[in-house]
Number of protein chains: 2
Amino acid sequence: MDVDLRKVRYFVAVAEELHFGRAAERLHIAQPVLSRQIRALEDELKVQLFVRTKRATELTWAGRQLLEDARPLLASAEAARRRVVRAARGPKTFTIGFMPGITVTAAVRAFTAQHPGLTIELLRTTWDDQVEVLHDGRADVSIVRLPIDQQGLTVRPLFDEPRVAMLPADHRLAGKPSIEISDLADEHLLQHPDAVPEWRDIASELRDGRPRPVPTLHNVEEKLEHVAAGNGISILPLSTASFYTRPDVVSVPVDDLGPNHVCLAWTATRRSKAVQDFADIAIRVLKS
Amino acid sequence: MDVDLRKVRYFVAVAEELHFGRAAERLHIAQPVLSRQIRALEDELKVQLFVRTKRATELTWAGRQLLEDARPLLASAEAARRRVVRAARGPKTFTIGFMPGITVTAAVRAFTAQHPGLTIELLRTTWDDQVEVLHDGRADVSIVRLPIDQQGLTVRPLFDEPRVAMLPADHRLAGKPSIEISDLADEHLLQHPDAVPEWRDIASELRDGRPRPVPTLHNVEEKLEHVAAGNGISILPLSTASFYTRPDVVSVPVDDLGPNHVCLAWTATRRSKAVQDFADIAIRVLKS
DNA sequence: CTCCCTGATACCCCCAGGGTATGACAGCGC
DNA sequence: GCGCTGTCATACCCTGGGGGTATCAGGGAG
């Protein structure tokens, strides 16, 4: 009748390892058990998932299809579970994720007025986990900065805001009224290249596409610390830049840098009146 | 570890019936078994899902949350299963749902050229099942006519097309160069009111909101048969209207009727290169 | 030809999911 | 107040399936 999620999880392990022994080890079960579970799954679906030749294991087309579907399925099961556990705590709570520098007060106020019985929680996110908190059920909605992986999410645009370059106070460009991206071509960018798509182009043009290693800096404070130390520069949305101020770092407008798109996102598979209401309010209140 | 989908299904039955006995009957299992399974689910999640007073069963907040998440979860499990079974058939097939009257040839051509190894199947849908085929895994993408329930789907607009009124050839308005919605206020509309949102307004204005019973007509042929018989009128997108022609039914443009929005939709939780590629091509080729 | 690597098979144990019979308790009718 | 009824929980049994270990079977490498 229903597929067994345990078997699906086992399947994913085998599909990823392409090796029953290693997969079994990873799952902390014995190899024969795993062989039998996979065979049981194949029997249930009446479909062959792997071609086992002696000496090699590989996926069939059906297996590829299942692998494609399995991960989101397991993820949404896990997210549902987390949401249920969370819901048990309060009469009803509603968690809003937000990136630092974004002001959600107005939307929260209006939403509270409309849902007096609801406990509203705020969850500060970073660029890395702004989407993750939705998938794992930690937040009901999240105010995100593009670009994000929109996979499995419903995303509604709220507003755009300009981005600025953060430079050490003693940098040669510090104090200029405005600069262009190409002025920064030789600088080391202290963030994931996806966060600043424009960078890829100038970087590959000017440096032959040799990407410099990107340090993993997960929050603004750390980035600014490195900027101040002269290890590189950072591109930030204006509101974030003006939220974190320190004397040894200055911000400079960049003429030809596209704006940062701020959106509201939530899990696409959920229909909840609260989520819908919040979306309506946020779009009305925050949309520029 | 993973939630058991069987238990979740059982939970949904109890949550819907709010009665263990009836739910058990619906599930074709004995009532004590169901009681025990629900309790096991509660223990697993370490959360109370129902408040059982003698004489009544109702949901806790956690239960409400689970009910909200459970149905999409079960649906996506079922859809994944169907897709896997389908994938077992061919080396790789890609199924495109479409509403009658929509020409997909151009997009399919371009897509075939890009994916020579892929077998492309076309699945004709109706207004009722255009979304269903996505949720149950019968199609990978579907070309839909709004309004639809966008729950769980990613929807990209393709183009708009005008809609016309289909009238019996001997109707008093037949042959007019164009009419307005209000001219049709007294007519019986032979389709689901959601399909023609403008209707609700004039219907409630002019007839005190008493909705006439809507016959369940699932395809265009049946609708036109009834139109010809004088049982009512129908609103159709222009391309559909010109696709089905018969001498005893005529089409008349309606000035103040909004256009029909044609979109491409697919399941939001899926990331597949094929789906993404088709979306890019369809938007490029079909977008007006 | 032999050895090793890898998945499959055989067999055991035990728990969980199915069943039936019955209990406990609230509300209602008389 | 007593008994009836409706409803969920408890007690107990049986079977199947998921976990384990020991071992087999077959292909490649040397």
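All figures in this text were calculated on a predicted structure; none of them were measured in a lab.
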Length of the [atom1]-[atom2] vector between [X] and [N], whole Å:
X     : N      : atom1 : atom2 : result
A:L18 : C:dT6  : CG    : P     : 13 Å
A:I38 : C:dT6  : CD1   : P     : 17 Å
B:E17 : D:dC8  : CD    : P     : 11 Å
A:Y10 : D:dG19 : OH    : C1'   : 8 Å
A:R9  : D:dG19 : CZ    : P     : 9 Å
A:R22 : C:dG7  : CZ    : C1'   : 13 Å
B:L49 : D:dC8  : CG    : P     : 15 Å
A:I29 : C:dG7  : CD1   : P     : 13 Å

* To do: Determine, stepwise, if the pair B:E132 / B:R82 fulfils salt bridge (charged side-chain N to carboxylate O under 4.0 Å, His left out).
  => CA-CA 13 Å; B:E132 205 178 297; B:R82 287 234 181 88; over 6 Å; no
Hey, does [X] reach any base, or is it just sugar-phosphate, or nothing, if we go heavy atoms under 4.0 Å?
X     : answer
B:R36 : base
A:F50 : nothing
A:Q31 : base

* Asked: Nearest nucleotide by nearest heavy atom, which residue falls closer to the 5' end of DNA chain C, B:P32 or A:G21?
  ->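 Here A:G21 is the residue nearer the 5' end.
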* Consider only side-chain N and O atoms of B:Q130 and B:T126, and report whether a donor and an acceptor are under 3.5 Å apart. => no
* Asked: Between B:R138 and B:T125, is any side-chain donor less than 3.5 angstrom from a side-chain acceptor?
  -> no
* To do: On the 0 to 90° scale, with breaks at 30° and 60°, tag the A:F111-A:F278 ring pair as parallel, tilted or perpendicular.
  => perpendicular
Distance-only criterion, 3.5 Å: show the donor-acceptor pairs between side-chain atoms of residues 22-29 of chain A and protein atoms not counting sequence neighbours.
unit_1: A:R26; atom_1: NH1; unit_2: A:E16; atom_2: OE1; d: 3.3
unit_1: A:R26; atom_1: NH1; unit_2: A:E17; atom_2: OE2; d: 3.0
unit_1: A:R26; atom_1: NH2; unit_2: A:E16; atom_2: OE1; d: 2.8

Is any side-chain nitrogen or oxygen of [X] closer than 4.0 Å to OP1 or OP2 of [N]?
X     : N      : answer
A:S35 : C:dA8  : yes
B:T57 : D:dT7  : no
A:K7  : D:dG17 : no
A:H19 : C:dG7  : yes
B:R6  : C:dG18 : yes

Among the nucleotides [options], which one has an atom lying closest to any side-chain atom of [X]?
X     : options               : value
B:R52 : D:dA9, C:dG7, C:dG17  : D:dA9
B:V33 : D:dG18, C:dG18, D:dT7 : C:dG18
A:Q37 : D:dA9, C:dG18, D:dG19 : D:dG19

* Tell me, which pairs form a salt bridge (charged side-chain N to carboxylate O under 4.0 Å, His left out) where one or both residues lie in residues 117-126 of chain B, sequence neighbours left out? ->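 Non-adjacent pairs meeting salt bridge (charged side-chain N to carboxylate O under 4.0 Å, His left out): B:R89-B:E121, B:R124-B:E221.
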* Asked: Taking NZ, NE, NH1 and NH2 as the nitrogens, is one of them in B:D2 or A:R6 under 4.0 Å from a carboxylate oxygen of the other?
  ->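 No, B:D2 and A:R6 are not salt-bridged.
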* Asked: Is it true that B:R39 and B:D43 make a salt bridge, defined as a side-chain N closer than 4.0 Å to a carboxylate O?
  -> no
* Dot-bracket for DNA chain C: what is it, with Watson-Crick or G-U pairs under 3.5 Å, [ ] where a pair crosses earlier ones, and | for a pair to another strand? -> ||||||||||||||||||||||||||||||
